[in-house]
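Count residues from 1 along the sequence. First listed ligand is number 1; within each ligand, the first listed atom is number 1.
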Amino acid sequence: MNKRLKALFLFIGLILLFVSCSGEMNEEEKKPPKDPGGTDGKVTVLLDAGHGFGDVGCTSEYLDGLYEHELTMDFTVRLADKLRALGYAVILTHDGISCPTAAEICEEADKLGIEYDAEKMSPGNNVFDAYERAIYANVLAARSEIDFMLSIHVNANADTNTATGFEIDYCAENSSSEMSEFVFDSICNAIQRDYPERRLKQFADSWDMAFIVTKYTSMPSILFETGFASTPSDAELLLDEAWRDNLMTTIAEGIEDYFLK
Ligand SMILES: [Zn+2]
């Protein structure tokens with residue numbers, strides 16, 4: 001091999017080495033922070049049962065007189081039990097019986113130096129609305145260092161009774177987007193593994209499109225739509241206790257796959 005050829009091979013070798021190293025570096029950089037923030041060493045999850053109080057959420061003629069807020073509370077309690085059994089600390093935004101008022105949330109936020117838009121707060125309407133929940137989540141996070149928040153909902157489509165499946169969203173344009181995406185991917189993988197036939201629509205929302213509870217929250221947060229109340233086949237699943245329980249097992253495993261494995 002002449003000198004020139006040797007030099008050429010050496011040069012190509014160095015380039016290949018550089019490319020593979022930088023590839024590894026990218027993989028390394030991608031690794032998200034996983035340290036549980038709480039002082040008790042547990043991963044702390046905040047669960048939000050969508051709606052309730054002055055806002056019952058959606059319903060339909062197929063839902064046996066139930067409303068979204070009753071189903072979201074049922075899902076939430078099931079998921080909370082499963083996560084606690086796995087060793088997580090779980091906090092709920094509300095218990096379905098009482099919730100903090102806008103004035104209480106503002107007072108706590110002021111004490112803790114948490115920013116909020118006072119005009120978006122709605123005092124006195126007995127609706128624990130999405131913006132109030134988001135700011136309340138930030139208050140709770142300031143007290144307990146919450147690692148992740150999940151808001152659970154039931155979908156409805158006014159135009160058709162054939163829409164079906166899960167929908168899952170996170171805000172791709174806020175300070176916790178990067179970590180939200182990791183938990184989001186993990187939950188999506190668990191859903192696709194356990195529900196391969198069921199449609200799963202995944203949304204990495206822009207700031208303008210994002211749900212309020214995913215965009216104004218300081219911790220990684222995801223909103224999950226369990227199914228369509230407005231579609232008979234989905235409503236049948238939503239009314240099936242075993243189906244609801246199995247679904248929350250899958251979500252717990254998705255969270256587990258990210259945080260503890
Ligand atoms: Zn909802």
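- Within the protein, the N, O or S atoms lying under 2.8 Å from the Zn ion (ligand 1) are His51 NE2, Glu68 OE2, His153 ND1.
- In terms of modelled atom types and a separation under 3.5 Å, the side chain of Asn174 and the main chain of Ser176 share a donor-acceptor contact.
- Between Gly254 and Ser186, the shortest heavy-atom distance links the atoms O-OG, 2.6 Å.
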| task | Could you please spell out the steps behind the side chain to side chain donor-acceptor pair (under 3.5 Å) verdict for Tyr116 and Asp110? | result | CA-CA 9 Å; Tyr116 61 91; Asp110 289 340; 2.9 Å; yes
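- In this structure a side-chain-to-backbone donor-acceptor pair under 3.5 Å is present from Thr59 to Leu66.
- Thr160 places a side-chain N or O within 3.5 Å of a backbone atom of Thr162 that can act as its donor or acceptor partner.
- A cation-pi arrangement is found for Arg198 relative to Phe166, the charged atom lying closer than 6.0 Å to the ring centre and inside a 45° cone about the ring normal.
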